[in-house]
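Since we're looking at a predicted model, the values are computed, not measured. Chain letters run A, B, ... following the sequence lines, proteins first and then strands; every chain starts at 1.
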Amino acid sequence: MRWSQYYLFTTREVPNDAEVVSHQLMIRAGMIKKLAAGIYTYLPFGWRSLAKLSAIVRRELDAAGALELQMPAIQPAELWQESGRWQRYGKELLRIKDRHDREFAFGPTHEEVITDLVRRDVKSYRQLPFNLYQIQTKFRDEIRPRFGLMRGREFIMKDAYSFDVDAAGLDKAYEAMRRAYCAIFDACRLDYSAVEADTGTIGGSASHEFMVMAGSGESAVVRCPSCGYAANVEKAETRREPAGEAHPPQELQEVATPGKKAVEEVARFLKIAPRRIVKTLIYETEKGLVAALIRGDREVNEVKLMNHLDVERLELASEEKVREATGAPVGFAGPIGLSGLRMVAEESIRHLTNWACGANKEDAHYTGVNPGRDVQLSEFADFLLVHGGDACPRCDGTLEVFRGIEVGHIFKLGDKYSKALGCTFTDEAGAELPMIMGCYGLGIGRTVAAAIEQNHDADGIIWPRPLAPFEVLLAGLNPDDAEVRRVTEGLYDQLREKGVEVFYDDRDERPGVKFKDADLIGLPVRLVVGAKSLKDGQVEVSLRRDRAKHLVAVGDAVAKVLELLHA
RNA sequence: CGGGGCGUAGCUCAGCUUGGUAGAGCGCACGGUUCGGGACCGUGAGGUCGGAGGUUCAAAUCCUCUCGCCCCGACCA
């Protein structure tokens, strides 16, 4: 491809709303253009990269036995009402009406549609199992779209859905997808890790997220360097010390703590460590108020707590609700004397003795609290937010926290949707059973953005070859020099004959501009023909990644390019 | 949803406090000199100052409303 005939316009300056590197570089390198908040046009150069990734995804999924189809982006409300998600999904679901005032949604995901499709077609165990996928534009009306393709509203995603007769079948399908995902991200040469994850709003049992490691990532994951345990912080567990404390019990005392609300303030005022305070968080759920007790120096993992309580809504209660429940303003809640609401204690306080907590009275706390004597705690659960330095739950290692970009997420759905939508089959014995489903998402645009996050320098993108829009940048300097032009054109033809994807900078630009642009767009191999070295019959070949220049004879240039390309 | 900020040339931004003929750099066009790391000189095109209403002799500037965009927060007791 000749640049002079291509639609690629690079820029030196970057719009002020581009915060992260991948977003800035994608705009500067002419890959994407914003149309509205979180909505982008994929320009030819950027689209090629997405197409490369899509091809890899197709190759690996096809190899794993999945079948590609294409479902509608617009989905009728009825299906979402049937699954219950019309109400539950929230404002992220873009709802639209047609001319007859019928309600539709622009699909953020396709569980309903695929399940509806399959329930109409498939009736017998003989037709199972199978795995169907599509690569399609989705829409999620995010509150705050940002970071370009990393958190857009309209985005391209590969979503696959497996259907099996039983859990064992699902296990196989799930494992096949997990392997396919590894093959895909390996093929893209990304530094990633598959972590255990919470199943979130999609629901289901087991789940893994594929995270590309990047400091700019929006998700925190923990990893154990010793045993390789890896999990999303929302899911991560930690090993608890089994032993209790054996301090002689102190006397229960009510002490005045005027104006001391936050754990830090109370700890300083009482001259005790925050870990010796139990904080009582009053949460509001659709099942009523809940008091959650946790050690003062730790934080609640609300996802775990929601799962434990089996609720769909969980938020800290309002000032008035707290006052109603505890009889005190916010900051003085405690378990002693608290009644009329469910009370659940975090494992971190199970063995804690002689602690402090709010007295359910303004400006007062208790000290010397001992469960059993002063308060009955009957319900314990794990809803601790794990942080770096916590003990690994699988070995005696210590967990580390990383940031990552979630590029893929696979779920074992089970019968959640097949039951809700009546997607059943008849088994060998003649029994009617719901199909056992899995679903497998992979963000196409986000993965490309993640690849850039992970592969760039101060001058621009450094494409991993599998995702590069083109493989080789051929630049002819000194455009007026007939010999330069002749040699460059010749190399262009030869490379194309070899099947190499060459992007030929034949523009009438100064060398500096061509070099800067070459660095910015970051094609893996660069071949430069300039008058100076051509006097000695040489051209320059280099890799974007290390920029080491190799001067080779014109006749050896193509071979050298091929060598570097496959290095 | 709450708070803050910003909308002025294609892009980055100045001008607004204190109302008085709309600016710079980059980019773009043309001419010339240049030509191995975003050249230089000259000339030029390009803006309903996001939109509507108001105050005023006069509004980019002050007031009200509105739309769009960006950032932060969304309560850890």
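Judged by the 6.0 Å and 45° rule, A/R95 forms a cation-pi pair with A/W86. Relative to the ring axis of A/F470, A/R48 places its NZ or CZ within 45° and under 6.0 Å from the centre.
A centroid separation of 6.0 Å or more is found between the aromatic rings of A/F380 and A/H351.
Taking 4.0 Å as the cut-off between side-chain N and carboxylate O, A/E284 and A/K321 count as a salt-bridged pair.
Partner of A/M31 under the side-chain contact (heavy atoms from CB on, under 4.5 Å) criterion, chosen from A/L50, A/L43, A/T41, A/I452: A/I452.
Note: CG (A/D505) to C1' (B/C35) measures 14 Å, nearest angstrom. To the nearest angstrom, P of B/C70 lies 13 Å from CD of A/E142. Atom P of nucleotide B/C76 and atom CG of A/L293 are separated by 16 Å, given to the nearest angstrom. At whole-Å resolution of the value, CZ in A/F147 and C1' in B/C70 are 12 Å apart. Atom-to-atom, CG of A/D508 to C1' of B/C30 comes out at 15 Å; the value is rounded to the nearest Å. Rounded to whole Å, the distance from CG on A/D297 to C1' on B/C76 is 12 Å. Here B/A77 presents its C1' atom at 17 Å from CD of A/E324, a figure rounded to the nearest Å.
Of the residues near RNA chain B, A/K34 and A/E264, the one whose nearest nucleotide (by heavy atom distance) lies more toward the 5' end is A/K34.
Aromatic ring pairs are classed by plane angle as parallel below 30°, tilted from 30° to 60° and perpendicular above 60°; the pair A/Y6 and A/F45 is perpendicular.
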Notebook entry, point to check: For nucleotides 7-14 of chain B, read 5' to 3', which letter fits each nucleotide if B means a protein heavy atom sits under 4.0 Å from the base, S means only the sugar-phosphate is that close, and - means neither?
Noted result: ----BSS-
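Distances were taken from every side-chain heavy atom of A/E19 (C-beta onward) to each of B/C71, B/G36, B/A77; the shortest belongs to B/C71.
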Mind listing the N/O atom pairs, protein and nucleotides 38-46 of chain B, below 3.5 Å?
unit_1 : atom_1 : unit_2 : atom_2 : d
B/G38  : O2'    : A/R12  : NH1    : 2.5
B/G38  : O2'    : A/R12  : NH2    : 3.1
B/G38  : O6     : A/R28  : NH2    : 3.1
B/G38  : N1     : A/D517 : OD1    : 3.0
B/G38  : N2     : A/D517 : OD1    : 3.4
B/G38  : N2     : A/D517 : OD2    : 3.2

